[in-house]
Each structure stands twice: as structure tokens, then as C-alpha cells.
Amino acid sequence: IESSANTANAILIEATAGGIDITSASGTDGEDIDITSTGATGEIRITTASTTADAVRINASAGGIDIDANNSTLAITNTANGAADDFTIAQAGSFNSSLVLSSAGTAADALTITTTAGGLDISVTGDLAGEDLDITAAGATTEIRVTGASTVADGIIIDSTVGGLIADSGLAAADAL
């Protein structure tokens with residue numbers, strides 16, 4: 001299918017009833033299904049009016065999914081319009097696999113986790129040696145600060161329900177809490 005027309009819909013594939021399937025049974029590298037827009041202002045848009053939970057689904061039954069934005073920004077947003085409209089990022093499968101969030105940004109907010117309403121829970125349920133919650137600031141002038149604006153008596157709680165608490169300042173003077 002080819003067109004030399006210079007219009008917004010130079011090629012239109014439309015099914016007024018039923019679906020459209022594009023299938024490639026190739027097992028050879030390079031024999032892919034490619035959708036490419038080469039113009040500087042030519043976007044690729046996927047739009048649906050479906051109201052089902054999987055209205056747009058990207059599924060790799062074997063292999064990975066790679067999403068890159070170069071010299072721009074990348075935003076993934078879920079706009080909730082009711083209770084339980086959750087946004088989940090999960091690493092599934094009981095294997096030595098990890099969910100890694102990393103940033104090579106150089107600003108003071110290179111990685112930010114913010115809630116504008118509601119709380120933030122961080123839970124670690126591992127029970128083996130090394131399966132801890134580690135918060136580390138590695139730079140010589142990088143501090144760890146825990147700040148609370150609460151006015152209640154237990155505004156900040158450090159609670160070890162069974163084990164102890166060690167405060168080691170690394171200073172020559174005696175450690176104190």
C-alpha cells in the first residue's frame with residue numbers, strides 16, 4: 001500500500017465493523033513490523049475509545065519492551081476518575097529479579113517521589129540476611145534528613161519492636177540520641 005498524496009490521511013485503513021489484525025509470523029531478525037514516522041513533526045498516536053481495563057495493551061509474550069525518549073521528556077500518567085484507579089509498576093515472578101529506578105540527573109531533585117495527598121509506605125518483607133531496607137547517602141557532603149511538620153507528640157517515630165537501635169555518628173565524641 002503506497003500513496004504520494006500530501007494530505008493528513010494519505011492512507012486510511014478503516015473497518016466500520018469488526019477488527020483489524022496485522023500479523024507477522026517471521027522468526028528471522030530484521031523481519032519486523034515497523035511503524036515509522038520520519039518527519040520532524042510527524043507523531044505516532046495510538047487512540048482508543050474502549051472503556052475496558054486493557055483498552056491499550058502492549059504484550060511481549062517472550063522478550064522485553066523498550067521505551068526510549070531522546071532529548072525530550074517522557075511522561076506516563078494515569079488520571080484517576082474514581083476509587084481504586086491505581087497505577088501499578090510491578091516486577092512479578094519469584095526469581096532473582098529487581099525493579100530498578102535510577103537517574104543520571106545532576107539536579108538536587110534527580111529522583112523525586114512525591115504524594116500531593118495521602119501517605120507513602122515503604123515495606124520490606126524479606127526475612128533473610130541482607131534483605132534489609134538500606135538508605136545510603138554516599139557523597140562526603142550528602143546528608144540524610146528525616147523531617148516532619150507534624151505537631152503531634154509522635155511526629156517522628158523510630159521503632160524497633162524486637163531488636164535494638166544503634167546510633168553511630170562516626171565522630172570522636174560519644175554517640176548520643
Side-chain angles (χ1 to χ4, degrees), residues 1-126 133-139 141-145 147 149:
I1 301 173
E2 186 175 321
S3 172
S4 60
N6 188 13
T7 61
N9 58 348
I11 296 177
L12 175 64
I13 301 173
E14 181 177 6
T16 57
I20 297 175
D21 293 334
I22 301 172
T23 304
S24 171
S26 171
T28 304
D29 286 346
E31 294 181 356
D32 309 319
I33 296 175
D34 296 323
I35 300 173
T36 305
S37 175
T38 58
T41 59
E43 297 83 12
I44 296 175
R45 296 188 174 118
I46 300 173
T47 306
T48 181
S50 173
T51 58
T52 63
D54 61 350
V56 174
R57 181 176 183 176
I58 301 172
N59 182 25
S61 61
I65 296 174
D66 188 3
I67 300 172
D68 296 314
N70 293 316
N71 302 320
S72 187
T73 59
L74 174 63
I76 301 173
T77 304
N78 177 46
T79 302
N81 65 355
D85 285 351
D86 300 329
F87 179 55
T88 302
I89 300 173
Q91 169 62 47
S94 296
F95 296 95
N96 185 3
S97 300
S98 303
L99 174 63
V100 179
L101 298 177
S102 66
S103 172
T106 59
D109 62 348
L111 181 61
T112 302
I113 300 174
T114 303
T115 64
T116 57
L120 174 66
D121 295 331
I122 301 174
S123 299
V124 178
T125 58
L133 173 60
D134 298 323
I135 301 173
T136 304
T141 60
T142 304
E143 297 83 20
I144 295 177
R145 297 187 176 136
T147 306

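The figures that follow rest on heavy atoms only: side chains count, while hydrogens, waters and symmetry mates do not. Not measured: the values here are computed from a predicted model. We're numbering straight along the sequence, starting at 1.
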Any chance CD1 of Ile11 has more than 12 other-residue heavy atoms, nucleotides or ligands included, within less than 6.0 Å? yes

Within the distance-only criterion (no hydrogens, no angle test), does the side chain of Ser103 pair as donor or acceptor with the backbone N or O of Ala110 below 3.5 angstrom? yes

Straight-line distance of Ser102 OG to Leu111 CG, nearest 0.5 Å: 8.5 Å

Using a 6.0 Å cut-off, check whether atom CG of Leu12 has over 12 heavy atoms from anything other than its own residue. yes

Would you say Ile22 has more than 12 foreign heavy atoms packed within less than 6.0 Å of its CD1? no

More than 12 heavy atoms of other groups within 6.0 Å of Ile122 CD1: no

With no hydrogens and no angle check, is any side-chain donor or acceptor of Thr48 less than 3.5 Å from a backbone partner on Ser50? yes

Taking the side chain as every heavy atom from C-beta outward, state whether Ile1 and Ile13 have any pair of such atoms under 4.5 Å apart. yes

Can you establish whether the number of heavy atoms outside Phe87 located under 6.0 Å from its atom CZ is more than 12? yes

Kindly compute the distance separating OG1 (Thr114) from CG (Asp109), expressed to the nearest 0.5 Å. 9.0 Å

For Glu31 and Ser24, which heavy atoms make the closest approach, and how far apart are they? O-OG, 3.9 Å

Has Ile44 got more than 12 heavy atoms of other residues, nucleotides or ligands less than 6.0 Å from its CD1? yes

Report, as yes or no, whether the 6.0 Å neighbourhood of atom CG on Asn59 holds more than 12 heavy atoms from other residues, nucleotides or ligands. yes

Non-hydrogen atoms of Glu43 and Ser37 that approach each other most closely: N-OG, 4.1 Å

Has Ile113 got more than 12 heavy atoms of other residues, nucleotides or ligands less than 6.0 Å from its CD1? no

Got a donor-acceptor contact below 3.5 angstrom from the Thr115 side chain to the Gly118 backbone? yes

For Ser3 and Ala10, indicate whether the former's side chain and the latter's backbone hold a donor-acceptor pair under 3.5 Å. yes

